[in-house]
Amino acid sequence: MNLILNYKKIWCCLIVLMFTGITSCDNYLDVKPQGQIDQEASALDPATALKLVIGVYNTMWEGNMHGFSYVGMTNIASDDADKGSNSGDDMPNSGALDNLTMDGSVNTLNSIWSTFYLGVARANQALSSLEGSTLDETLKNQLMGEVRFLRAYFYFDLVRFFGGVPKIDRVITPQESNSATFQTKASADEIYAFIISDLEFALTNVAAKGQANAAVGRATKGAAAGMLAKVMLYRQNWQRAFSLSDSIVTQKLGTYGLLDNYFEIWRETGANSIESIFEVQTGENAACEAAIANYAECQAPRAGGKFGWADLGWGFGTPSQSLLDEYEDGDRREAATIITIQPNGTFLWDGFRIPGRDSVENARYNYKSYHSQTAETNCGNRGRLPKNLRILRYGEILLIHAEAALALNNGAAAATDISALHPRAGLGPVTTVTREYIWHERRVELAMEHDRFFDLIRQDALVPGRAAAAFTAHGKTFNARNKVFPIPQRQIDLGGGNLKQNDGYN
């Protein structure tokens, strides 16, 4: 069963109010007594249970989860991209993120916080219903494993964005709404332990790729192992990161591999390919809802200058000079990642022509985010182009495997992993690699894929000063406080003083 069902009913208004600031719950938010939830749960049939789970998956369509706000707090905040658009556009938000001068008042922060906690709330409600159900135990555990995978993903981004955050591990009652327990930050270590627990459960209980219950788009054992390997990389648990990624490389959890054509990974033809470990599912439907709001549009080329033409989008998140300089000569990944506007015009892969450099606001745009409005499926709504977002792919698994292998003094395995990435990039094999070269390879292989900011912070813990050096080369100043983003002031206010601001921010 695919994941484009529009099942967006939420029963846990309380958590949404606490962590999103939404002030109205009419129509689709309905608080029910815990006992009533339990009674309904016991009556769940498999089809209804699956719809409940798909409602959690569908949170990933929310524009404030993976749309414009996500682009701002990942690509624009990193040295992979500049703000883009025109010089004055959205300076209080995107400009502050680009310059690393943000404080708790930046609206983007609250958008990300509230929507990821919306995902957590939906996951907790689904788990509550599933736990109380009389479903077949194997099916129940698989569905719970999928939901716990998603909750782990939501918290993984939250802890990488903000550090310690409140830990909401269940549906809370109205009587608990004012409790400091749910308004106070847990430590980053506690959140990581929670993430690992969820992923371990998922790994044990979800289906492997190719099995009957492993439908396209749903979390599989490969996705759980890959996400857990990535978490272990952040925790510097090299042995576990290696063994988990090795289970995918050695095909123990399904058949995965690299697409021959790097450019096709982000095209419609590359969706759910052999390279896909986990991606946000989209698709054309009558309401145009099965898509990440504004993801492709906010990054597409924007008209400007002296020529009038039908622009493609807002032009935010433009690839930086720093990223351009990172590519080795002849690396085909550069042209697959960056739309470079030529003086006399540039043709995109679908035949669309951008008239020339004088016709657009910026010299470069993100090719990976581009979705053709003529050669790929869409329903005519530019703000809802159905482009799957690749969350985890086999190319990254090879990079995790390589970094962990080198940390374990297995340089031969690391070189083999990097060499595997090179043929489609037009580069030759390598016989030895350093950690710095693996990090270089990680940047160019995963450029503009929303991980660069987090990578720099993770690498800075191993090589102090690395993040500051990267941002200096990018023309920006990086301070110690920038290792995490500020807590949204809106959430601090809602928390009644229990939720404290991160160090270094007002």
Side-chain angles (χ1 to χ4, degrees), residues 19 56-57 59-60 62 64-66 69-71 73-75 77-78 109 111-124 126-127 144-169 185-203 206 218-237 240-241 244-245 248 277-280 292 389-393 396-397 399-400 403-404 442 446 449-459 461 483-485 487 502:
F19 291 102
V56 186
Y57 280 102
T59 313
M60 295 189 289
E62 299 287 344
N64 284 337
M65 178 173 281
H66 287 131
S69 298
Y70 188 70
V71 171
M73 287 182 64
T74 54
N75 289 352
S78 79
L109 302 169
S111 297
I112 286 287
W113 178 287
S114 61
T115 314
F116 274 89
Y117 269 110
L118 175 62
V120 170
R122 291 183 180 181
N124 287 340
L127 288 170
M144 289 177 63
E146 292 183 44
V147 174
R148 290 183 68 171
F149 170 89
L150 293 171
R151 185 172 66 178
Y153 169 69
F154 300 149
Y155 265 113
F156 186 41
D157 272 355
L158 281 167
V159 76
R160 292 193 297 170
F161 281 129
F162 300 107
V165 292
K167 177 184 170 184
I168 312 296
D169 58 357
K185 290 189 288 186
S187 70
D189 286 343
E190 289 177 273
I191 297 299
Y192 270 111
F194 186 45
I195 292 167
I196 290 167
S197 175
D198 272 353
L199 290 175
E200 294 282 14
F201 183 90
L203 181 58
V206 299
R218 290 168 64 181
T220 62
K221 287 190 184 298
M227 190 65 69
L228 189 52
K230 187 169 182 174
V231 170
M232 292 301 175
L233 196 72
Y234 276 72
R235 303 305 285 165
Q236 298 179 29
N237 186 336
R240 195 80 203 285
L244 286 161
S245 57
I248 299 172
I277 306 293
F278 186 72
E279 56 189 80
V280 178
I292 301 170
L389 178 62
R390 282 62 169 171
I391 300 294
L392 191 64
R393 59 183 180 85
E396 183 173 6
I397 297 301
L399 289 161
I400 294 170
E403 188 170 342
R442 186 173 177 89
L446 303 177
E449 294 184 44
H450 309 290
D451 253 0
R452 173 63 176 173
F453 183 91
F454 304 132
D455 271 338
L456 283 173
I457 304 309
R458 176 180 68 83
Q459 292 162 10
K483 292 180 180 180
V484 291
F485 291 86
I487 303 294
N502 285 330

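Looking at Tyr155, its side chain does come within 3.5 Å of a backbone N or O of Ile168 through a donor-acceptor pair. Judged by distance alone, the side chain of Thr115 and the main-chain N or O of Leu118 form no donor-acceptor pair under 3.5 Å. A distance-only check finds no donor-acceptor pair linking the side chain of Tyr234 to the backbone of Phe156 [under 3.5 Å]. With hydrogens and angles disregarded, a donor-acceptor distance shorter than 3.5 Å links the side chain of Tyr57 to the backbone of Ala219.
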message: Would Leu150 and Arg122 count as a side-chain contact (heavy atoms from CB on, under 4.5 Å) here? Give the steps.
response: CA-CA 10 Å; Leu150 293 171; Arg122 291 183 180 181; over 6 Å; no
Q: Apply side-chain contact (heavy atoms from CB on, under 4.5 Å) to Ile400 and Arg442, showing your working.
A: CA-CA 9 Å; Ile400 294 170; Arg442 186 173 177 89; 4.2 Å; yes
_Could you walk me through whether Ile277 and Met227 satisfy the side-chain contact (heavy atoms from CB on, under 4.5 Å) test, starting with their C-alpha distance in whole Å, then the side-chain angles of each, then the deciding distance to 0.1 Å, before giving a yes or no?_
CA-CA 9 Å; Ile277 306 293; Met227 190 65 69; over 6 Å; no
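Taking the six-membered ring where the residue is Trp, His66 and Tyr70 present perpendicular rings, their angle passing 60° and hence far from 30°. Ring geometry for Phe116 versus Phe161: interplanar angle over 60°, hence perpendicular rather than tilted (30 to 60°). Aromatic ring pairs are classed by plane angle as parallel below 30°, tilted from 30° to 60° and perpendicular above 60°; the pair Trp113 and Phe162 is perpendicular.
Ionic pairing of Asp455 and Arg458 is present here: one or more N-O contacts between side-chain nitrogen and carboxylate oxygen are shorter than 4.0 angstrom. The pair Arg148-Asp169 does not meet the salt-bridge criterion, since no charged nitrogen lies less than 4.0 angstrom from a carboxylate oxygen. Between Glu449 and Arg393 there is a salt bridge, since at least one side-chain N of the basic residue sits less than 4.0 Å from a carboxylate O of the acidic one. A salt bridge does not link Lys167 with Glu190: every distance from a Lys NZ or Arg NE/NH1/NH2 to an Asp or Glu carboxylate oxygen is 4.0 Å or more.
Between Leu203 and Leu244 the shortest side-chain heavy-atom distance falls below 4.5 Å. The shortest distance between side-chain heavy atoms of Met60 and Leu389 does not fall below 4.5 Å. Considering only heavy atoms from C-beta on, His450 stays 4.5 Å or farther from Ile391 through its side chain. Looking only at side-chain heavy atoms (C-beta outward), Ile457 and Arg160 stay at 4.5 Å or farther from each other. Counting heavy atoms from C-beta outward, Phe454 and Thr74 have side chains that approach closer than 4.5 Å. Side-chain contact between Phe154 and Met65 is present, with at least one heavy-atom pair separated by less than 4.5 Å. Contact annotation: the side chain of Glu396 approaches that of Asp451 to within less than 4.5 Å [non-hydrogen atoms, C-beta and beyond]. Using a 4.5 Å heavy-atom threshold, the side chains of Leu158 and Ile191 count as separate.
Ring pair Phe201/Phe149: centre-to-centre distance not below 6.0 Å. Checked against the 6.0 Å centroid threshold, Phe485 and Phe453 count as a close aromatic pair.
Atom CZ of Arg452 sits about 11.5 Å away from atom CG of Asn75, to the nearest 0.5 Å.
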